[in-house]
**Student:** 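Supplied in structure tokens, the structure appears directly below.
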Amino acid sequence: MTSTLLPGNIVYGGPIIEREAQDYRSLGQFVLDKYKGFGDQTVLVDAVSGAEYTANFMHKSIVRLAHILQKLGVKQNDVIGLSSENSVNFALAMFAGFAVGATVAPLNVTYSEREVDHALNLSKPKIIFASKITIDRIAKVASKNKFVKGIIALSGSSKNFKTIYALNEMMDNDKYKTKPEFLSPVSNKNEDVALIVCSSGTTGLPKGVQLTQMNLLATLDSQIQPTMIPMSEITLLTVIPWFHAFGCLTLITTACMGARLVYLPKFEENLFLSAIEKYRVMMAFMVPPLMVFLAKHPIVEKYDLSSLMVLLCGAAPLSRETEDQIKERIGVPFIRQGYGLSESTLSVLVQNDDFCKPGSVGVLKVGIYAKVIDPDTGKLLGANERGELCFKGDGIMKGYIGDTKSTQTAIKDGWLHTGDIGYYDDDFEFFIVDRIKELIKYKGFQVPPAEIEALLLTHEKIKDAAVIGKPDEAAGELPLAFVVKQANVQLTENDVIQFVNEHASPAKRLRGGVIFVDEIPKNPSGKILRRILRNMLKKQKSKL
Ligand SMILES: Nc1ncnc2c1ncn2[C@@H]1O[C@H](COP(=O)(O)OP(=O)(O)OP(=O)(O)O)[C@@H](O)[C@H]1O
Ligand SMILES: O=C(O)[C@H]1CSC(c2nc3ccc(O)cc3s2)=N1
Ligand SMILES: [Mg+2]
């Protein structure tokens with residue numbers, strides 16, 4: 001599939017050839033029918049317990065839970081919160097929510113009480129599913145928010161809320177005896193919101209991104225394309241949290257494709273590697289910190305990772321050097337980088353066999369339009385010109401919940417303005433430079449921190465790195481690096497500064513200095529938390 005250039009420098013990924021999901025009455029019905037069709041195939045594997053779940057089991061359990069939700073009074077377009085680590089119950093709760101036509105709002109499990117309160121007040125769920133690691137916090141915050149009527153414990157329990165139901169009791173209780181089938185209500189596909197995902201909160205407070213039934217169904221149609229190997233024979237691995245758009249959408253798409261998805265509730269070095277070995281994983285969903293781990297960590301050598309055919313990486317910048325190191329070290333034949341946002345449902349750009357230049361994020365997916373504009377003047381730019389990336393298409397969100405102002409800034413004439421700077425080359429292959437908000441301004445030069453970070457990661461004594469702008473009266477900002485050393489190595493500030501001087505243009509030199517740290521703060525989807533680094537810098541300065 002090759003992109004085409006439309007009048008006015010608009011690039012188009014081509015039409016979706018086969019419509020299937022979009023013609024369904026609802027997302028919930030589509031998932032139910034798919035699971036039913038996959039019969040006794042194993043579709044989910046818990047890599048910690050080793051438990052395996054068939055599509056029949058999923059179908060039966062979703063039908064039962066959907067009936068239970070109805071008996072608890074959940075109606076079409078009611079909102080259901082979902083706060084859990086990756087687990088089979090997460091999947092059941094979400095798909096049962098879809099089955100009754102509810103809006104599912106996954107919540108980040110690492111949120112503090114204050115953040116949970118913010119997120120709940122965006123989506124205002126009537127019922128919340130919570131697991132043992134989050135239920136106390138959820139219950140406490142829910143008890144202060146009248147719109148929450150009940151909590152369903154996926155595991156664990158809490159005394160902080162009066163109406164708590166235990167999932168396993170309800171699933172076994174005869175009182176809830178149900179029919180073997182469930183008919184999902186017909187949805188108003190362009191209006192009804194299926195999912196509210198929270199954006200990562202990299203640039204401010206997380207926003208509640210509303211994805212409609214159509215956003216999801218059309219995205220499924222663009223994903224479900226014939227593959228060389230039947231999907232039923234493909235084993236995938238994911239550790240990306242399902243509460244995040246990337247994790248959540250990959251769960252939904254793999255469920256509808258009938259692949260075997262091995263999941264981990266959280267990242268643990270040995271478990272991640274042993275799961276690949278044990279289940280002969282062919283494809284894994286990755287974020288850059290996981291890629292750096294595969295490229296650099298000594299224990300990787302102890303495992304047989306020869307089954308790995310494809311690594312799919314997104315959510316933050318991945319350098320070509322890391323890509324090369326992985327290819328060399330473990331011989332994974334294909335690394336496919338993609339680019340997406342919570343606001344775009346899943347990725348809008350992804351590499352394929354024909355378009356996979358090192359460091360690129362690939363080409364437009366079918367159904368997606370793109371344009372690059374000058375962020376200051378709004379002027380349309382052409383090939384090889386850097387500017388703000390904007391996207392249009394069926395996956396673009398309906399808007400941010402309860403925030404018309406931000407929605408109007410983000411979507412203009414149907415175009416999603418991403419806040420990311422990038423360009424496409426003569427083959428319409430895209431490259432991300434950095435976020436507009438994160439560019440360092442040194443004497444009028446725009447310095448992308450991601451580029452210096454990628455360079456630092458090539459240094460064999462550097463385990464991890466992050467770069468920010470240090471405020472400076474004369475120059476505006478000076479690039480400053482936070483560096484994590486590899487274990488037991490000698491490395492000085494001057495070594496790092498010299499290394500960058502040798503390999504980068506003058507504006508990128510680390511004139512702001514180097515700070516050695518034990519760890520780079522990142523969120524669960526692998527994004528560097530620059531706010532925390534800026535605060536660390538401020539504190540250091542006030543100590544001096
Ligand atoms: N392959 C990639 N390379 C570089 N950046 C990427 C890639 N994929 C995603 N991103 C970044 O992730 C962003 C989308 O992430 P997400 O929707 O999770 O929230 P966020 O933008 O980090 O947070 P918030 O919008 O709340 O500030 C994109 O705008 C882009 O900056
Ligand atoms: O579509 C794919 O094959 C994979 C390759 S990487 C990818 C995505 N990356 C992101 C990043 C942020 C986000 O909100 C969604 C996605 S999907 N999708
Ligand atoms: Mg964003």
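Owing to the predicted nature of the structure, the values given are computational and were not obtained by experimental measurement. Quick note: numbers below take in every heavy atom, side chains included, and nothing from hydrogens, waters or symmetry partners.
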**Student:** Given Thr409 and Ser406, is the side chain to side chain donor-acceptor pair (under 3.5 Å) satisfied, shown in steps?
**Tutor:** CA-CA 5 Å; Thr409 324; Ser406 300; 5.5 Å; no

**Student:** Under 4.0 Å between a Lys/Arg side-chain N and an Asp/Glu carboxylate O for Glu519 and Lys463?
**Tutor:**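 Salt bridge flag = no for Lys463 with Glu519.
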
**Student:** Does the side chain of Lys365 reach to within under 4.5 Å of the side chain of Gln223, using non-hydrogen atoms?
**Tutor:**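 Of all side-chain heavy-atom pairs linking Gln223 with Lys365, at least one is under 4.5 Å.
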
**Student:** Does Glu493 use its side chain to pair, donor to acceptor, with the backbone of Gly513 at less than 3.5 Å?
**Tutor:**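 Not a single qualifying donor-acceptor pair exists.
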
**Student:** Under 4.0 Å between a side-chain nitrogen and a carboxylate oxygen: does that hold for Glu451 and Lys508?
**Tutor:**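 Yes.
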
**Student:** Counting only N and O atoms by type, is there a donor-acceptor contact under 3.5 Å from the side chain of Ser319 to the main-chain atoms of Thr322?
**Tutor:**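 Between the backbone of Thr322 and the side chain of Ser319 there is a qualifying donor-acceptor contact (under 3.5 Å).
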
**Student:** Hey, is NZ on Lys357 packed in by over 12 heavy atoms from elsewhere, all under 6.0 Å?
**Tutor:**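 Above 12, so yes.
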
**Student:** Do Asn523 and Ser525 have a side chain donor and acceptor closer than 3.5 Å?
**Tutor:**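 Result is yes, a qualifying pair exists.
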
**Student:** Decide yes or no on side chain to side chain donor-acceptor pair (under 3.5 Å) for Asn270 and Tyr303, but give the supporting numbers first.
**Tutor:** CA-CA 9 Å; Asn270 286 295; Tyr303 292 85; 2.7 Å; yes

**Student:** Is the distance between the ring centroids of Tyr339 and Phe430 under 6.0 Å?
**Tutor:**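 Not under 6.0 Å, so no.
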
**Student:** Determine, stepwise, if the pair Thr492 / Asn494 fulfils side chain to side chain donor-acceptor pair (under 3.5 Å).
**Tutor:** CA-CA 5 Å; Thr492 65; Asn494 202 35; 5.6 Å; no

**Student:** Can you find a pair of side-chain heavy atoms, one from Ile326 and one from Met291, that are under 4.5 Å apart?
**Tutor:**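 Yes, side chains in contact.
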
**Student:** So, for Val281 and Ala275, which heavy atoms are closest and what is the spacing to 0.1 Å?
**Tutor:**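 That closest heavy-atom pairing would be CG2-O, 3.8 Å.
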
**Student:** Between Leu44 and Ala91, what is the shortest heavy-atom contact and its length?
**Tutor:**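 Of all heavy-atom pairs spanning Leu44 and Ala91, the closest is CD1-CB, 4.0 Å.
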
**Student:** Working to the nearest 0.5 angstrom, can you tell me the gap between Lys441 NZ and Leu478 CG?
**Tutor:**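 Reported value, rounded in 0.5 Å steps: 14.0 Å.
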
**Student:** Output yes when Lys266 and Glu85 qualify as a salt bridge under the 4.0 Å nitrogen-oxygen rule, no when they do not.
**Tutor:**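 So Lys266 does not pair with Glu85 through a salt bridge.
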
**Student:** Evaluate whether atom CG of Asp518 has more than 12 neighbouring non-hydrogen atoms of other residues, nucleotides or ligands under 6.0 angstrom away.
**Tutor:**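 Counting other residues, nucleotides and ligands, CG of Asp518 stays at 12 neighbours or fewer.
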
**Student:** State, with a plain yes or no, whether a side-chain heavy atom of Glu115 is found less than 4.5 Å away from one of Pro206.
**Tutor:**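 Heavy-atom side-chain distance check fails, nothing below 4.5 Å.
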
**Student:** Determine the minimum heavy-atom distance between Val447 and Ala507, stating which atoms define it.
**Tutor:**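 Nearest pair, atom of Val447 first, then Ala507: CG2-O, 3.6 Å.
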
**Student:** Heavy atoms only: give me the nearest Val262-Ala47 pair and the separation to one decimal.
**Tutor:**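 Minimum heavy-atom separation between Val262 and Ala47: CG1-CB, 3.7 Å.
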
**Student:** How about Asp426 and Asn384: does a side-chain donor come under 3.5 Å of a side-chain acceptor?
**Tutor:**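 Indeed, the side chains of Asp426 and Asn384 share at least one donor-acceptor pair under 3.5 Å.
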
**Student:** Are the charged groups of Asp324 and Arg329 less than 4.0 angstrom apart, N to O?
**Tutor:**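 Judged by the 4.0 Å cut-off on N to carboxylate O distance, Asp324 and Arg329 do not form a salt bridge.
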
**Student:** Is the closest side-chain heavy-atom distance between Leu318 and Glu323 below 4.5 Å?
**Tutor:**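 Leu318 vs Glu323: side chains touch.
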
**Student:** Counting N and O atoms only, with roles assigned by atom type, does the side chain of Lys527 sit under 3.5 Å from a partner on the main chain of Ala315, one being a donor and the other an acceptor?
**Tutor:**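 Between the backbone of Ala315 and the side chain of Lys527 there is a qualifying donor-acceptor contact (under 3.5 Å).
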
**Student:** Heavy-atom distance under 4.5 Å between the side chains of Leu305 and Leu294, does that happen here?
**Tutor:**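 Leu305 vs Leu294: side chains touch.
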
**Student:** Would you say the side-chain atoms of Asp221 pair up with the backbone N or O of Ala21, donor to acceptor, closer than 3.5 Å?
**Tutor:**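 Confirmed, Asp221 side chain pairs with Ala21 backbone.
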
**Student:** Where the side chain of Gln210 meets the backbone of Ile196, is there a donor-acceptor pair that is under 3.5 Å apart?
**Tutor:**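 Here the side-chain-to-backbone pair does not exist.
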
**Student:** Where do Ser360 and Gln351 land on the side chain to side chain donor-acceptor pair (under 3.5 Å) test, with the steps shown first?
**Tutor:** CA-CA 8 Å; Ser360 93; Gln351 293 181 327; 3.1 Å; yes

**Student:** Is the closest side-chain heavy-atom distance between Pro241 and Val109 below 4.5 Å?
**Tutor:**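 No; the side chains remain at least 4.5 Å from each other.
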
**Student:** Kindly say whether Thr202 contributes a backbone atom to a donor-acceptor pair with the side chain of Ser200 at under 3.5 angstrom?
**Tutor:**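 A pair under 3.5 Å: no.
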
**Student:** Identify the heavy atoms of Trp242 and Asn86 that sit nearest to each other, and give their distance.
**Tutor:**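 Closest approach of Trp242 to Asn86, heavy atoms only: N-OD1, 2.8 Å.
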
**Student:** Taking the six-membered ring for Trp, are Phe428 and Tyr424 parallel (under 30°), tilted (30 to 60°) or perpendicular (over 60°)?
**Tutor:**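 Correct class here is tilted.
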
**Student:** Of all heavy-atom pairs between Ser342 and Val209, which one has the smallest distance, and what is that distance?
**Tutor:**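 Here Ser342 and Val209 meet closest at O-CG1, 3.5 Å.
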
**Student:** May I ask you to decide whether Lys461 forms a salt bridge with Asp495, counting only side-chain N to carboxylate O separations under 4.0 Å?
**Tutor:**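 Salt bridge flag = no for Asp495 with Lys461.
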
**Student:** Whether the Tyr279 and Arg260 side chains hold a donor-acceptor pair (N or O, under 3.5 Å, no angle test) is what I'd like checked.
**Tutor:**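 Short answer, no.
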
**Student:** In the structure I gave you, are the side-chain heavy atoms of Phe243 and Ser84 within less than 4.5 Å of one another anywhere?
**Tutor:**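 No - every pair of side-chain heavy atoms lies 4.5 Å or more apart.
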
**Student:** Would a 4.5 Å heavy-atom cut-off, applied to side chains only, mark Phe499 and Thr458 as touching?
**Tutor:**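 Counting from C-beta outward, Phe499 and Thr458 do come under 4.5 Å.
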
**Student:** Using atom types as modelled and distance alone, determine if a side-chain donor or acceptor of Asp413 lies under 3.5 Å from a backbone N or O of Trp415.
**Tutor:**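 It does not hold such a pair.
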
**Student:** How about Lys443: does its NZ atom have over 12 heavy atoms from other parts shown lying under 6.0 Å from it?
**Tutor:**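 No, not enclosed.
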
**Student:** Could you check whether Lys296 pairs with Asp464 (Lys NZ or Arg NE/NH1/NH2 to Asp/Glu carboxylate O, under 4.0 Å)?
**Tutor:**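 So Lys296 does not pair with Asp464 through a salt bridge.
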
